[in-house]
Amino acid sequence: TFVEAARVFAQRMIQEGGRTPEQRFRFAFQHAAGRKPNAAEIKILNNGLSRHLGFYQQAAKAAQELVAVGQAPVPEGLDAGELAAYTVIAGLILNLDEVITKQ
C-alpha cells in the first residue's frame with residue numbers, strides 16, 4: 001500500500017508539479033509537509049533522483065516491477081524509469097517525521 005501511495009504521489013509530482021525536479025520537490029513538500037523544502041533538502045533530493053534515474057534507466061525490468069505495484073492504474077505516456085525514480089523520492093518525502101507525525 002505504501003509503495004502504491006508513493007507511486008501515485010510520484011505521478012502527481014510529474015504531472016502536476018512542474019517541469020523541473022526542483023519544482024516537483026516543492027510541490028511534493030507543500031502537499032505532504034505543508035512547507036517548502038530548504039536548499040539542503042533540494043540538494044539531497046536532486047542527488048537521490050539522479051542516482052535512481054540512472055539505475056532505473058539501466059534496469060527497465062526493475063522499473064516496470066516497481067511501478068506495477070498496487071491496483072491504481074499507471075497513466076499512459078509516463079516513462080517507467082522516471083516514474084520509478086520519482087516513486088523512491090516520493091516515498092522518502094512521505095516518510096519524513098513531519099509528514100507522518102502530527103504535533
Side-chain angles (χ1 to χ4, degrees):
T1 300
F2 186 82
V3 173
E4 181 178 18
R7 186 205 10 113
V8 173
F9 192 41
Q11 289 169 201
R12 289 195 61 207
M13 289 171 68
I14 294 168
Q15 295 176 320
E16 302 170 31
R19 300 185 65 82
T20 67
E22 291 80 12
Q23 291 172 330
R24 293 170 178 177
F25 301 152
R26 287 185 186 95
F27 171 89
F29 259 78
Q30 193 63 50
H31 282 81
R35 68 172 180 86
K36 292 180 172 57
N38 62 41
E41 291 165 330
I42 288 177
K43 183 178 179 181
I44 290 167
L45 294 172
N46 263 323
N47 290 339
L49 180 64
S50 293
R51 188 174 65 249
H52 291 295
L53 270 173
F55 172 76
Y56 284 117
Q57 288 174 342
Q58 297 299 314
K61 184 177 179 190
Q64 286 293 337
E65 288 174 356
L66 179 60
V67 300
V69 171
Q71 296 179 5
V74 176
E76 290 187 32
L78 289 182
D79 177 71
E82 181 183 34
L83 180 56
Y86 272 98
T87 297
V88 175
I89 298 301
L92 186 149
I93 293 169
L94 291 172
N95 239 341
L96 293 171
D97 285 344
E98 64 192 280
V99 173
I100 59 176
T101 304
K102 265 190 150 178
Q103 295 184 1

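Basis for what follows: all heavy atoms, side chains included, without hydrogens, waters or symmetry-related copies.
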Would H31 and F9 count as a side-chain contact (heavy atoms from CB on, under 4.5 Å) if you check the C-alpha gap in whole Å, the side-chain angles of each, and the deciding distance to 0.1 Å?
CA-CA 10 Å; H31 282 81; F9 192 41; 4.2 Å; yes

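Closest non-hydrogen pair, R24 versus G18, comes out as NE-O, 2.9 Å. The minimum heavy-atom distance between N95 and I100, with the atom names listed, is O-CD1, 4.1 Å. Looking at every heavy atom in both residues, G81 comes nearest to Y56 through O-CB, 3.6 Å. In terms of heavy atoms, A28 sits closest to I93 at CB-CD1, 3.7 Å. For the residue pair L94 and A32, the shortest heavy atom distance occurs at CD2-CB, 4.3 Å. Residues P21 and N46 approach most closely at CB-OD1, 3.7 Å, considering heavy atoms.
Q23 contributes a side-chain N or O that, together with a main-chain N or O of R19, makes up a donor-acceptor pair within less than 3.5 Å. E22 places no side-chain N or O within donor-acceptor distance of the main-chain N or O of I42, the cut-off being under 3.5 Å. The backbone N or O of F27 sits nowhere less than 3.5 Å from a side-chain atom of Q30 that would complete a donor-acceptor pair. Of the possible donor and acceptor atoms, none in the side chain of Q11 sits under 3.5 Å from a partner among the backbone N and O of L83.
Both L92 and I14 are part of a single hydrophobic cluster, where members link through side-chain heavy atoms under 4.5 Å apart. Residues L96 and Y86 share a hydrophobic cluster, clusters being chains of Ile/Leu/Val/Met/Phe/Trp/Tyr side chains in contact below 4.5 Å. Under a hydrophobic clustering in which Ile, Leu, Val, Met, Phe, Trp and Tyr are joined whenever their side-chain heavy atoms come within less than 4.5 Å, directly or via other members, F55 and V3 fall into the same cluster. Both L78 and M13 belong to a single network of hydrophobic side chains, linked directly or stepwise wherever heavy atoms of I, L, V, M, F, W or Y lie under 4.5 Å apart.
In this structure, CD on E82 lies 8.0 Å from CG on L49, to the nearest 0.5 angstrom.
Side-chain contact between L45 and F29 is present, with heavy atoms from C-beta onward closer than 4.5 Å. Counting only heavy atoms from C-beta outward, the side chains of F25 and K36 never approach each other to under 4.5 Å.
The side chain to side chain contact (heavy atoms under 4.5 Å, CB included) test with R7 singles out one residue from V88, L66, V74, and that residue is V74.
More than 12 non-hydrogen atoms from other residues, nucleotides or ligands lie less than 6.0 angstrom from CD of E16.
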